[in-house]
Amino acid sequence: MVLEKTSSIEEKPLKVMDLPRPIPGQNQILVKISTCGVCHTELDEIEGRVSPSRFPMILGHEIVGRIEGLGQGAKKFEEGDRVGIAWINWACGHCTFCLKGEENLCDKAKWTGKDVYGGYAQYTVVSEDFAYPIPERFTDMKAAPLLCAGVIGYRALRLSGIDNGKILGLYGFGASAHIVIQVAKYKYPDGKVFVFTRPGQKEHQDLARKLGADWIGATGDTPPEKLNCAIDFTPVGEPVRQALSSLRKGGRVVINAIRKVTPIPELDYTEHLWHEKEVKSVANVTRKDAHEFLPLAAEIPIIPETQEFRLKEVNEALILLKEGRMHGAGVLKIAE
Ligand SMILES: [Zn+2]
Ligand SMILES: [Zn+2]
């Protein structure tokens with residue numbers, strides 16, 4: 001399913017196209033794709049907030065599949081192995097960011113489904129250094145959302161400064177937040193998690209309750225206690241200000257979004273920032289995030305809620321996601 005130009009998703013711009021099967025180059029693996037998750041970043045790419053570096057582009061960066069071919073020099077995996085591919089597709093390895101373990105900030109990095117063909121397809125190729133073994137206990141369907149919603153959620157949780165006993169606020173309760181709450185409850189059992197959704201998002205609120213949220217309200221509601229840290233997963237600006245008002249002194253809000261569709265409203269210094277409150281964004285992921293998170297997800301174990309679609313239904317899946325009506329994480333089933 002190929003994107004040929006920037007468009008609104010309501011125009012259903014992803015089209016079926018027959019392309020040649022890719023050939024793995026030096027140190028690359030050829031992956032026959034089984035499932036691919038649907039992420040909000042694809043909406044940003046389609047609608048022009050984050051443009052693919054060229055057209056046509058195959059989007060999708062939560063890829064699970066089996067290796068069907070090895071390029072010259074590839075030796076980390078064998079044919080038939082199950083692997084995952086995430087948003088980070090390649091990084092230079094020698095810039096100041098890469099050398100500090102911040103390859104997510106590498107200027108030359110390439111992103112799956114933005115700079116190189118991604119997972120809304122039957123096959124893809126990737127460097128063996130940017131593929132991850134998938135723990136046994138996950139099916140292909142349940143593993144897909146772990147690769148972006150999970151890995152970046154894990155990074156955001158780490159950056160939030162959370163610790164056991166603290167109160168965490170989650171703004172928006174979609175694919176990433178419903179995984180993050182499971183990690184938070186497991187790693188920080190004495191803390192509390194407060195969940196804020198759009199008003200009337202009953203399905204998201206029910207899921208939050210099922211996963212152990214200690215309080216659930218709408219963005220804008222005053223929580224029963226102030227927050228030590230918060231993660232904003234929403235695509236809009238207003239929750240950032242709301243989260244800052246609900247923070248304790250010295251608290252931090254982490255924004256887990258590649259773009260916002262509406263601006264962050266003006267902040268009042270005294271109410272929103274004074275007392276050493278912080279705002280930080282989370283950008284992309286590193287391979288280390290994926291290598292740490294996937295085994296942790298199996299140990300917990302994380303149970304992602306997934307809504308299944310066929311590859312041809314990806315436009316419809318993205319419309320549901322845009323409208324806030326996706327239940328858990330959307331996943332395309334591409335092959336058995
Ligand atoms: Zn993503
Ligand atoms: Zn670099």
Side-chain angles (χ1 to χ4, degrees), residues 1 3 9 14 33 35-47 49-52 57-64 84-120 124 126-127 129-130 132 143-157 172-180 231-235 254-261 281-290 293-294 297 302 304 306-307 309 314 317-318 320-322 326 328-332:
M1 293 297 282
L3 181 69
I9 187 61
L14 297 168
I33 300 173
T35 58
C36 182
V38 173
C39 174
H40 202 279
T41 298
E42 279 96 80
L43 283 173
D44 293 320
E45 291 185 77
I46 291 164
E47 299 188 333
R49 291 178 294 275
V50 177
S51 273
M57 181 51 63
I58 302 173
L59 311 180
H61 55 261
E62 301 177 278
I63 301 170
V64 178
I85 303 169
W87 175 239
I88 187 160
N89 196 277
W90 183 84
C92 84
H94 53 254
C95 70
T96 52
F97 292 113
C98 283
L99 291 175
K100 273 196 298 180
E102 294 173 348
E103 62 188 6
N104 59 311
L105 302 178
C106 174
D107 285 328
K108 292 183 181 160
K110 292 190 169 74
W111 311 105
T112 309
K114 175 180 170 294
D115 305 312
V116 292
Y117 284 174
Y120 292 0
T124 194
V126 70
S127 159
D129 296 329
F130 289 82
Y132 315 97
L146 300 176
L147 287 156
C148 179
V151 175
I152 199 156
Y154 170 76
R155 181 174 184 86
L157 185 64
F173 202 74
S176 195
H178 97 281
I179 292 175
V180 166
I231 307 172
D232 166 38
F233 297 94
T234 72
V254 172
I255 305 172
N256 181 353
I258 188 164
R259 290 293 184 274
K260 289 285 190 186
V261 299
S281 65
V282 54
N284 313 316
V285 289
T286 65
R287 283 173 282 177
K288 185 165 174 280
D289 295 323
F293 173 70
L294 291 169
I302 302 264
T306 49
Q307 192 170 340
F309 300 87
V314 65
L318 284 160
L320 276 184
L321 181 62
K322 183 174 179 178
M326 185 75 81
V331 179
L332 306 174

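Each ligand, and each atom within it, is numbered from 1 in the order the structure gives.
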Could you tell me whether Lys110 and Asp115 have a side-chain N and a carboxylate O separated by less than 4.0 Å? no
Would Glu45 and Lys114 pass as an ion pair if we require N to O under 4.0 Å? no
NZ/NE/NH1/NH2 to OD/OE distance under 4.0 Å, Asp232 and Lys260: yes
Protein-derived N, O or S atoms sitting under 2.8 Å away from the Zn ion (ligand 2) total 4
Between Glu47 and Lys322, is there a side-chain N and carboxylate O pair less than 4.0 Å apart? yes
Measure from the side-chain N and O atoms of Asn104 to the backbone N and O of Ala283, and report whether any donor-acceptor pair falls under 3.5 Å. yes
So, are Asp289 and Arg155 salt-bridged, with charged N and O less than 4.0 Å apart? yes
Please answer whether the main-chain N or O of Ala86 pairs with a side-chain N or O of Glu62 as donor and acceptor at a distance below 3.5 Å. no
Check the angle between the aromatic planes of Phe173 and His178 and answer parallel, tilted or perpendicular using the 30° and 60° thresholds. perpendicular
I want to verify a count. Protein N, O or S atoms less than 2.8 Å away from the Zn ion (ligand 1), how many are there? 3
side-chain contact (heavy atoms from CB on, under 4.5 Å) with Phe293: which of Leu157, Leu147, Val285, Ile179? Ile179
